[in-house]
Amino acid sequence: MSNRFNMYETITCLFKSSLNMQEDYNSEAFLRRLKLYLFIFVLMVGFSHTWAVRDSVDPDGVSYLDVGNAYFNGNYSGAINANGYWSPLYPLIQGASNYLFNPSIDSESLFIHLVNFIIYIFSFLAFKFFFTQLMSKIDSENKELITLNLVTFPKWAWITIGHFLFIWSSMNLITISKVTPDMCVSVFVYLISGILLKISSNKTSIVDFVFFGLFLALNYFSKAAMLLIALIYVLVLFFMTIKQKSNFLKPLIALVVFLLVSAPYISELSKAKGHFTFSETGKLVYSFRMEDTYFCWMGGLKGCNQATHPAKKIFDKPNAYEFGSPIIGSYPIWFDPTYWYGGLSAKFNLVKQLKILVQSFERSFDLFLEMQGFLIASFFILAIYSSLKLKDVCKLWFLILPSIITIFMYSLIDLQSRYLGAFICILWISLFYSIRLKNTDESKKLLSSVSVVLILFLVTNSVYSRDMLTNGKISSAEMHRAVAKHLIKVGLRGGDKVAVVGTDYGIYWAHLAKVRISCEIPVEEEKNFWVSSNERKEELFNKMKQYDMKYLVSERAPEVALDQGWVKIPETSYCFRILDTIHE
């Protein structure tokens with residue numbers, strides 16, 4: 001079998017020489033230098049991806065930015081209402097950064113992604129805390145492994161695989177292109193998991209449990225769904241206490257801190273919504289998925305009768321809707337969905353729920369088999385060789401259980417990789433931790449060979465991540481900047497109302513120009529609008545003027561529109577038509 005691992009010596013030599021090291025690759029000097037190089041690589045990959053996706057700004061991101069700005073523009077009530085759907089921590093971070101540095105239209109999208117990059121660095125520091133606790137646990141078990149004549153991954157392999165699992169999950173699963181709070185979530189998931197590892201090793205103090213409760217609350221502030229996962233973590237903490245026959249006071253302290261920190265925000269949100277709630281997101285997303293009520297803001301549609309505040313229909317054939325008040329934001333419909341979709345509440349339907357699960361299964365095929373197939377294959381090769389048992393897999397059950405429950409929870413509603421990045425990273429580290437082989441030269445070579453191949457796979461998929469290859473080609477912000485600057489040049493001012501023809505949620509230009517999309521001809525009515533007679537269009541324009549609309553903007557106006565009073569915005573596909581007198 002030794003011939004089978006000839007590649008091992010070759011790759012190992014390359015690995016050592018690339019680091020310019022002459023000493024043994026398990027020596028402390030080598031490991032210190034390895035950690036330094038890996039840290040530099042973490043920064044390089046993160047920044048290169050940030051630069052590549054700097055012009056990618058999604059509709060959800062616009063809402064997070066608007067909510068953040070609302071906090072710092074004095075519109076606290078509007079922001080807290082919007083937090084019924086958009087959790088508060090990430091908007092506060094982006095809003096504070098924008099308030100302090102006030103980036104220009106040309107630099108804002110880059111600035112937003114630089115903030116994401118800084119959050120990514122904090123995520124790595126949190127991961128380092130978690131991974132340090134793991135390595136401490138492994139070191140403390142080495143004597144036991146020697147006694148049992150067993151061996152696990154060499155230390156250089158643990159360090160390298162761990163770092164590249166972090167990069168891979170951050171760049172491919174969470175992604176750095178999305179202007180969303182998922183990277184924030186990873187910071188607290190790693191910190192919470194690190195404290196759980198400390199608790200499992202009986203190396204904690206009261207302070208650790210205080211921070212445990214604090215991190216649970218901050219994770220909830222990052223994403224509302226994490227409140228449910230926080231309860232799972234608290235239960236895990238109590239079970240660990242029972243197993244260790246420890247004092248129940250410590251987990252109670254964590255629970256009390258979590259409740260004390262979370263309670264004021266829950267109270268404010270409940271007061272704003274008029275009923276007890278910790279978030280309206282789950283209810284709305286479940287309604288979207290179960291009843292297909294994405295367009296209920298227009299009212300009158302099938303399954304939308306429960307909507308209490310649909311937009312006002314101001315014109316027929318083509319249909320046009322006005323939503324200029326009472327909600328603010330670049331696109332009020334998506335600034336506070338809990339208002340326009342208020343009242344929607346899907347009832348459980350087994351057939352529809354099974355359909356969602358089937359869709360989640362289809363997504364999981366890509367998420368687990370295509371994106372993680374190599375990790376699965378590597379784990380099973382080692383598991384078979386080591387005759388792995390279930391009790392071995394469950395050594396870090398307190399990390400594995402929350403990860404599995406989180407994956408299952410999202411599968412019931414909306415399974416997306418960006419929700420799961422940190423959990424999947426921790427899950428793989430926990431699974432590889434369970435690998436124990438007989439202490440032979442053959443086993444050591446197998447472990448090292450699998451490690452090197454795994455590292456090559458993770459490096460390749462980190463440097464050339466799906467996120468960079470896909471969203472790095474998107475230059476949406478460049479076009480939106482051109483639209484915003486031209487509209488400002490011709491006279492629009494911050495706070496002005498504009499109407500749009502078929503947005504497709506392409507709304508970043510409105511955020512940049514600080515105007516409000518307050519009237520819309522939906523995408524479904526776009527064709528009807530363009531084929532309408534000039535007289536009919538004039539009637540619609542006059543109706544829009546009654547609601548103080550200054551311009552009508554379209555991303556896909558036909559050529560004939562240029563002969564009907566529409567103006568093409570240079571270097572874009574957008575056109576606009578003046579509806580009302582522009583400021584002198």
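Because only heavy atoms are used, hydrogens play no part in the values below, and waters and symmetry mates are left out as well, while side chains stay in.
Of all non-hydrogen atoms in Ile174 and Ala422, the two that sit nearest each other are CD1-N, 4.0 Å. Heavy atoms only, all atoms of each residue included: Leu173 and Met371 are closest at CD2-CE, 3.6 Å.
Judged by distance alone, the side chains of Asp66 and Ser330 do bring a donor and an acceptor atom under 3.5 Å apart. Glu525 and Tyr321 form no side-chain donor-acceptor contact under 3.5 Å, judged by distance and modelled atom types alone.
Rounding to the nearest 0.5 angstrom, the gap separating the CG atom in Leu357 from the OG atom in Ser411 is 7.0 Å. In this structure, Asn102 CG and Ser97 OG are separated by 12.0 Å, a value rounded to the nearest 0.5 Å.
Tyr339 is linked by a side chain to side chain donor-acceptor pair (under 3.5 Å) to nothing, counting only residues two or more places apart in sequence or in another chain. For Ser270, the side-chain contact (heavy atoms from CB on, under 4.5 Å) test picks out Ile266, Phe276, Thr277, with sequence neighbours left out. Listed by chain and number, the residues in a side chain to side chain donor-acceptor pair (under 3.5 Å) with Thr281 are Ser279 (sequence neighbours excluded). With sequence neighbours excluded, the residues satisfying side-chain contact (heavy atoms from CB on, under 4.5 Å) with Asn75 are Ala70, Ser77, Ile328. Residues passing the salt bridge (charged side-chain N to carboxylate O under 4.0 Å, His left out) test with Glu571: none are found, sequence neighbours excluded. Val358 meets the side-chain contact (heavy atoms from CB on, under 4.5 Å) test with Glu362; sequence neighbours excluded. For Asp414, the salt bridge (charged side-chain N to carboxylate O under 4.0 Å, His left out) partners two or more places apart in sequence, or in a different chain, are Arg363. The salt bridge (charged side-chain N to carboxylate O under 4.0 Å, His left out) search around Arg516 returns none, not counting sequence neighbours. Every residue two or more places apart in sequence or in another chain was checked for a salt bridge (charged side-chain N to carboxylate O under 4.0 Å, His left out) with Glu520, and none qualifies.
Contacts classified as salt bridge (charged side-chain N to carboxylate O under 4.0 Å, His left out) and involving residues 86-103 (residues at least two apart or in different chains) are not found. Sorted by first and then second residue, the pairs that involve residues 260-270 and meet salt bridge (charged side-chain N to carboxylate O under 4.0 Å, His left out), not counting sequence neighbours, are Glu268-Lys271.
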Sequence neighbours left out, cut at 3.5 Å: what donor-acceptor pairs do the side chains of residues 210-229 make with other protein atoms?
| unit_1 | atom_1 | unit_2 | atom_2 | d |
| --- | --- | --- | --- | --- |
| Tyr220 | OH | Phe278 | O | 2.8 |
| Ser222 | OG | Leu218 | O | 2.9 |
| Lys223 | NZ | Asp182 | OD1 | 3.2 |

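Proximity of Ile176 to Phe47: side-chain heavy atoms (C-beta onward) are nowhere separated by under 4.5 Å. For the pair Lys312 and Tyr547, the minimum side-chain heavy-atom distance is below 4.5 Å. Side-chain atoms of Phe541 and Arg577, non-hydrogen and from C-beta on, do get closer than 4.5 Å to each other. A heavy-atom distance below 4.5 Å is not found between the side chains of Val500 and Ser554.
Checking Lys537, Arg536, Lys543 one by one against Glu539, the side-chain hydrogen bond (donor to acceptor under 3.5 Å, both in side chains) holds for a single residue, Arg536.
For Gln546, the CD atom sits in a packed shell: over 12 heavy atoms of surrounding residues, nucleotides or ligands are nearer than 6.0 Å. More than 12 heavy atoms of other residues, nucleotides or ligands shown are found within 6.0 angstrom of CZ on Phe117.
At a threshold of 4.0 Å, the pair Lys485-Asp106 counts as salt-bridged, since one of the basic side-chain nitrogens sits closer than that to a carboxylate oxygen. Electrostatic pairing of Asp496 and Lys514 does not count as a salt bridge here, judged by no charged N lying under 4.0 Å from a carboxylate O. For Lys313 and Asp316, the salt-bridge test passes: some basic side-chain N is under 4.0 Å from an acidic carboxylate O. Using a 4.0 Å cut-off between charged side-chain N and carboxylate O, Arg556 and Glu526 make a salt bridge.
Asn73 places a side-chain N or O within 3.5 Å of a backbone atom of Asn69 that can act as its donor or acceptor partner. Ser56 contributes no side-chain N or O that, together with a main-chain N or O of Val53, makes up a donor-acceptor pair within less than 3.5 Å.
A ring-centre distance under 6.0 Å is found for Phe576 and His486.
Taking the six-membered ring for Trp and thresholds of 30 and 60 degrees, Tyr64 and Trp86 have ring planes more than 60 degrees apart, a perpendicular arrangement. Relative ring orientation between Phe529 and Trp566 is described as perpendicular, the plane-to-plane angle rising above 60° on a 0-90° scale split at 30° and 60°.
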